[in-house]
Amino acid sequence: MSEHMKSSGSASTLGRDIVNKFPEVQANPLEGNRIELVMPADKIRAIVALLDESVSDFLPESMFAVDLENDQYELIYIFWSHSNKLLCQLRVPIEGEAPEVESVSDIYPGFEWHERETHEMFGIGFSGHPDLRLLLLPEELEGKYPLRKSFQTDRSRLEESGLPQPKPKPPAAERPARPTPSTTPKEGGESPE
Amino acid sequence: MGFFSVLGDMFRIFKHVFRQVFVRPFTSLYPFEDRYYPERTRGRHIHIREKCTACSQCVRACPVVAIRIDKEDKMYEKDAALYFDYSRCIFCGLCVEACRFDSLFHTPIVDLSEGERDDLLYGPDKIETLERDPLEWRGRRFR
Amino acid sequence: MKTDIVDDAIEIWFGPQHVSAHGWATKLTLVGDYIVECDPNAGYFHRSAEKVMEFRNFRQGALIMERLCMLEAFLAEYPYVTAVEKIAGLEVPERAKVMRTIMMEASRIHSLQFWWGQFAAELGLFTMLLWPWVDREFFLDAFEELSGSRHAVSYNTPGGVKYDFNEGVIAKLERAMDRIEDRLPKFKDMLLRGPTFRVRTQGIGQFTAEQGLKWGLSGPNIKACGVPMDLRKDDPDPSLAYDMCDWEVPTVHNEDHPGESDAYDRMVQRFLEVETSLGIIKQLLPQVPDGPIIDPKHRAKANRLPEGEAYGRVEGTRGVTTLWLKTQDKAQTPWRAKIRGPCFSSYYSLKHLVPSSKFADFIVIFGSLDPYPGWWDR
Ligand code: SF4
Ligand code: SF4
């Protein structure tokens with residue numbers, strides 16, 4: 001299968017190939033044979049399909065979201081190719097209260113559960129995903145999105161330590177240094193018992 | 001696959017059976033005799049109150065908030081009373097590492113079982129001495 | 001389930017009460033004796049380790065990693081530690097590098113010994129359950145002598161290691177290695193040449209390397225297909241000492257089905273892994289250099305980290321184990337930590353691997369992937 005590999009295996013060639021096809025993608029070389037591609041959310045499916053075509057033995061290593069607060073999220077996809085010793089990291093900035101991107105789980109089935117987990121933990125939708133049921137969470141946490149920063153956890157144990165407690169931060173919506181007031185509903189209000 | 005190969009297999013099995021019968025047991029009669037505990041065993045703590053400076057670094061280092069500090073309770077100049085909750089402690093050793101005044105140590109005593117849950121909360125009287133024999137339980141002494 | 005195709009399909013929950021299903025449950029749809037659909041369910045162990053990490057500082061975080069998989073504790077905590085080191089820019093002393101590598105390989109052997117016992121018990125041979133587990137005790141003794149705890153070792157720390165080697169540790173480690181070397185031929189005899197094992201594992205759960213990679217499988221499961229994918233060689237880590245010794249990535253090449261692996265190949269692969277690890281430890285033990293195990297000046301640097309992102313990876317016993325860490329400036333706790341457990345993918349791949357095999361083979365396929373629920377539930 002590796003005969004029809006177009007890129008010669010180095011990160012910069014792969015990056016150049018992709019930037020030639022999709023000029024809106026920004027390629028940042030990382031140290032070693034690693035590359036990071038920053039791309040808009042609507043191109044993710046096309047680019048993953050192109051990656052699949054150009055490097056045959058990509059291992060879908062990891063895929064997750066990062067909450068950057070103020071309804072900004074980042075999706076990160078990590079691929080590792082053994083024959084080229086190449087690590088490729090895709091970074092997709094998205095925003096919105098319930099953002100949605102296209103699922104890549106039919107190109108890389110290994111991402112199916114990663115996407116399912118990201119959906120239940122962050123509330124990011126994946127259109128075209130075959131099965132977005134809860135994976136790890138119990139039913140009562142459905143729709144609470146526990147890995148979002150707005151989810152309040154139970155901190156009562158810390159008060160028992162006898163140390164002076166730092167003042168709790170005001171809830172995100174009331175913080176002054178905030179550029180745009182968030183419209184996030186306070187869904188993560190209660191903490192799990 | 002003849003008669004002799006089956007016989008040979010049987011002899012091999014018997015050889016193992018007899019070897020296992022006469023081998024030294026790997027287990028010990030636990031409450032009456034004890035196994036060897038290395039010096040670094042992370043068991044229950046001992047708090048040497050003379051050296052404590054009430055810096056509460058140990059409390060901050062604890063990942064599960066198993067230590068409570070009471071700075072009002074002073075026996076010496078600038079010490080503090082520590083309460084250890086052994087129903088929470090995970091014996092990670094971070095508190096001992098964090099104490100820079102050689103005031104907190106692990107001991108190789110790991111027999112912490114108690115009849116009551118509240119007995120697992122070691123107050124200053126229990127955590128500062130090893131006097132209470134951990135092997136004494138319900139009026140019976142082990143080992 | 002498309003009931004218009006088969007009317008006599010029955011659904012069976014395998015687990016969570018089943019003895020072999022320790023903390024997982026899979027819904028199987030059977031037609032007769034054959035599985036037509038498999039729906040693995042996760043979450044019975046979920047302790048939200050990633051959220052907990054956001055509230056623990058950089059010394060405490062490694063403890064959580066280690067508790068996800070106690071069998072390979074030295075390996076499991078390494079991705080977190082190395083990610084913190086990368087962000088903080090800590091240098092690891094030479095002695096700590098070699099000691100880390102030795103203990104990680106010892107932990108790999110220990111974990112594989114556990115797997116032999118577990119797998120054999122799942123196939124019905126309980127002698128093989130107890131024998132490797134007796135030998136495992138010798139490694140646990142060495143771990144206890146080194147760190148003071150049998151499983152939750154808490155050994156690696158940002159900037160180095162916590163406990164130094166002494167005579168007792170080395171003697172115990174050597175004793176454990178002598179013991180396993182002594183007994184390895186016997187285990188091979190029992191597992192690889194035993195007719196019951198061959199019949200129950202050969203041709204069961206077969207997949208090609210391409211399929212396995214697409215599902216996200218790594219480690220011994222992929223190496224059994226003949227692909228020498230191993231992060232120890234492919235992505236050499238500067239804070240580990242794998243380059244100080246001479247070793248080859250072990251792979252299995254099966255003549256009958258090249259490029260594919262079945263349960264038997266994966267069993268063979270795990271024996272080869274132990275031999276490789278033994279070789280690495282043997283070469284490294286005499287080479288441990290003198291020096292400090294941690295730079296005392298660096299210890300304080302792990303208290304507050306600058307802004308950054310790092311990706312810590314290690315070749316675990318079960319495959320690629322990684323942790324992605326993001327911190328904010330002057331952070332005491334991570335902003336986001338993402339754990340990639342190798343078994344997340346192997347458990348998922350049951351969905352594709354199990355259909356069309358027999359119900360009795362399900363546990364063989366499951367066991368042959370060396371799954372550990374802590375890794376997928378986190
Ligand atoms: S050993 Fe660990 S868990 Fe126990 S009190 Fe000390 S820091 Fe806390
Ligand atoms: S035991 Fe040590 S770390 Fe804890 S308050 Fe006393 S001096 Fe500070």
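Chain naming here is simple, since letters A, B, ... match the order of the sequence lines and numbering starts at 1 in each.
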With chain B, which of R59(C), R56(C), R150(C), E66(C) has the greatest number of heavy-atom pairs at distances under 4.5 Å? R56(C)

Treating E144(C) as the side-chain partner and Y37(B) as the backbone partner, does any N or O pair qualify as donor plus acceptor under 3.5 Å? no

Taking R40(B) for its side chain and S149(C) for its backbone only, find out whether a donor-acceptor pair lies under 3.5 Å. no

Side-chain heavy-atom pair [X], [Y] within 4.5 angstrom cut-off:
X	Y	answer
K186(C)	H16(B)	yes
E145(C)	Y36(B)	yes
D189(C)	R12(B)	yes
K162(C)	L94(B)	yes
R67(C)	I90(B)	yes
Q60(C)	C62(B)	no

At a heavy-atom separation under 4.5 Å, does L146(C) approach chain B through its side chain, its backbone, both, or neither? both

Assess whether atom CD of E39(B) is packed by more than 12 heavy atoms of other residues, nucleotides or ligands within 6.0 Å. no

Residues, nucleotides or ligands: over 12 heavy atoms within 6.0 Å of E91(C) CD: no

Taken to the nearest 0.5 Å, the spacing of E97(B) CD from S154(C) OG works out to 7.0 Å

Only one of N57(C), V52(C), L63(C) passes side chain to side chain contact (heavy atoms under 4.5 Å, CB included) with P63(B), and that residue is L63(C)

